[in-house]
Amino acid sequence: MTMSSFENDSTASAASTLDLWRSLCEAADDDGLLSFRQYMDIALYGPGGYYQRQVRLGRAGADFYTAAQFPLFGLTLGRYIYQLWQRSERRAMPSIVEFGPGQGELAYWVCTYLLSVLGEQDTGAGRLEYSLVERSDYLRQVQKQRLAPLSERIDFNWLEPYDVGRLNGEAEHAFVIANELLDALPVERVRRAKDGFEQGFVHVAGVARPDAPLKEVFLPADERLRELAQKYTPVPQSHSAEVCRDYDEVFRACASLAREIDGVLFDYGIFAHEWKAGIRPQGTLRAFRKHTLANVLHQPGEADITADVNWDLARDAASCAGVLVEDILTQGSFLMRNGIMDVAMELTQQNGSTPLSRELGHGESKAGLSTTSALKQLVLPGGMGERFSAFVFTKRGGSGEQRC
């Protein structure tokens, strides 16, 4: 990097930091307070926020990595979608909607698998459609670059979350997938005091500069938040927790996509009985920068912020949106049930003897797929296989209207 380009990058970064700081100050009330949910939303998605300019996923030179960086994960999910489509005996090509598609790797490998099998068929049923629901302009550009090699054979289109409704449920059927979507939704912070639950706020007034650490303060929670905390995070006194109010919106969007839905979301999470047992006294909120823990309230916009998914709350939100939660099982169990070993075996074929090996032969080299290492990370206890869960849901022939 030349000195001038380094200076340009530094100037742009400083401008983005100031933009984000202004957004935080504008969102604060007269006392300089904003709810933690507002803070997290701006720090991640606001002007100059982490997902708008900073996010890098992967191992080297990145802040964190996800299952989507393993080709084996996306290929297995592609197989899962194909098997469901085959069993349904639908004529139309699969229509897939991915929420929170990151850098586009999951979409790339799901589509690679589907092309490997659908390419063998002349169904006359049109082209595969793949929609990516993405809030970040920056990530949208990254995804378009990643998926460009497949764009001649697949109809990709991009939607912002508020655009999902324009699909208006016209499709007969859709597959919905997401990896680490729910954990990136803004959350409210709560703490159980002697007299009930308090709500976390971030204090920005009087802070001298944008990179100075901010302070969290707790005040009595509003009635609805108290109800949610009492039911879904029944922690012992003095313990903290997180409550996400945005699950409803996600599942309403999913339910609105088509008359029938098959969906699976992958994420890490926690159940109400675990909150009650007091296993996370400080809550699950954390920030990551360069694969190390960072201060959530220090340098907003410079690190990823995440909190464990509350599976009980997510399940009830899905039910209210009109979809049926079929199972919440470990990621390892889901992948094993849906043929990850078969896909791994196909990846070892070097002579083009399977559709998948022929498809990979046309494009990206199989070198570096590290199948054995990926299996260990994705499936075995001690890695993602046990820490992450698959949240499987469906909708059959309904309108997707809220049930509660």
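Computed from heavy atoms alone, side chains included, the values below leave out hydrogens, waters and symmetry copies.
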Practice task
Start with the C-alpha distance between Glu188 and Arg245, add both sets of side-chain angles, then the distance that settles salt bridge (Lys or Arg N to Asp or Glu O under 4.0 Å), and finish with yes or no.
Solution key: CA-CA 8 Å; Glu188 300 283 13; Arg245 304 201 208 206; 3.5 Å; yes
Practice task
Take Glu242 and Arg189 through the salt bridge (Lys or Arg N to Asp or Glu O under 4.0 Å) test and state the conclusion after the steps.
Solution key: CA-CA 5 Å; Glu242 297 81 34; Arg189 286 270 288 165; 3.0 Å; yes
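Asp304 and Tyr51 share a side-chain donor-acceptor pair at under 3.5 Å. When only modelled atom types and interatomic distance are considered, Glu302 and Tyr50 share no side-chain donor-acceptor pair under 3.5 Å. Side chain to side chain, Ser131 and Asn157 meet the donor-acceptor criterion of an N or O pair below 3.5 Å. Side-chain N/O atoms of Asp183 and Tyr268 include a donor and acceptor closer than 3.5 Å. Side-chain atoms of Ser88 and Arg90 include a donor-acceptor pair closer than 3.5 Å. In this model, a donor atom of one side chain and an acceptor atom of the other lie less than 3.5 Å apart for Gln143 and Glu134. With no hydrogens or angles considered, no side-chain donor-acceptor pair links Gln237 and Arg191 at under 3.5 Å.
Ser116 contributes a side-chain N or O that, together with a main-chain N or O of Tyr113, makes up a donor-acceptor pair within less than 3.5 Å.
Under the ring pair (Phe, Tyr, Trp, His ring centres under 6.0 Å) rule, Phe73 has a single partner from Phe266, Trp109, Phe388, which is Phe266.
The ring of Tyr80 has its center closer than 6.0 angstrom to the ring center of Phe334. In summary, the aromatic rings of Phe391 and Trp311 are positioned with their centroids under 6.0 Å apart. Aromatic pair Phe393/Phe251: ring centres closer than 6.0 Å.
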Sequence neighbours excluded and cut-off under 3.5 Å, please list the side-chain donor-acceptor pairs for residues 24-32, or say none.
unit_1 : atom_1 : unit_2 : atom_2 : d
Asp29  : OD1    : Asp31  : N      : 2.9
Asp29  : OD1    : Gly32  : N      : 3.2
Asp29  : OD1    : Leu33  : N      : 2.9

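Note on ring orientation: taking the six-membered ring where Trp is involved, the planes of Trp158 and Phe156 are tilted (angle from 30° to 60°).
Applying the salt bridge (Lys or Arg N to Asp or Glu O under 4.0 Å) test to every pair with at least one member in residues 325-336, sequence neighbours left out, gives these pairs: Asp327-Arg337.
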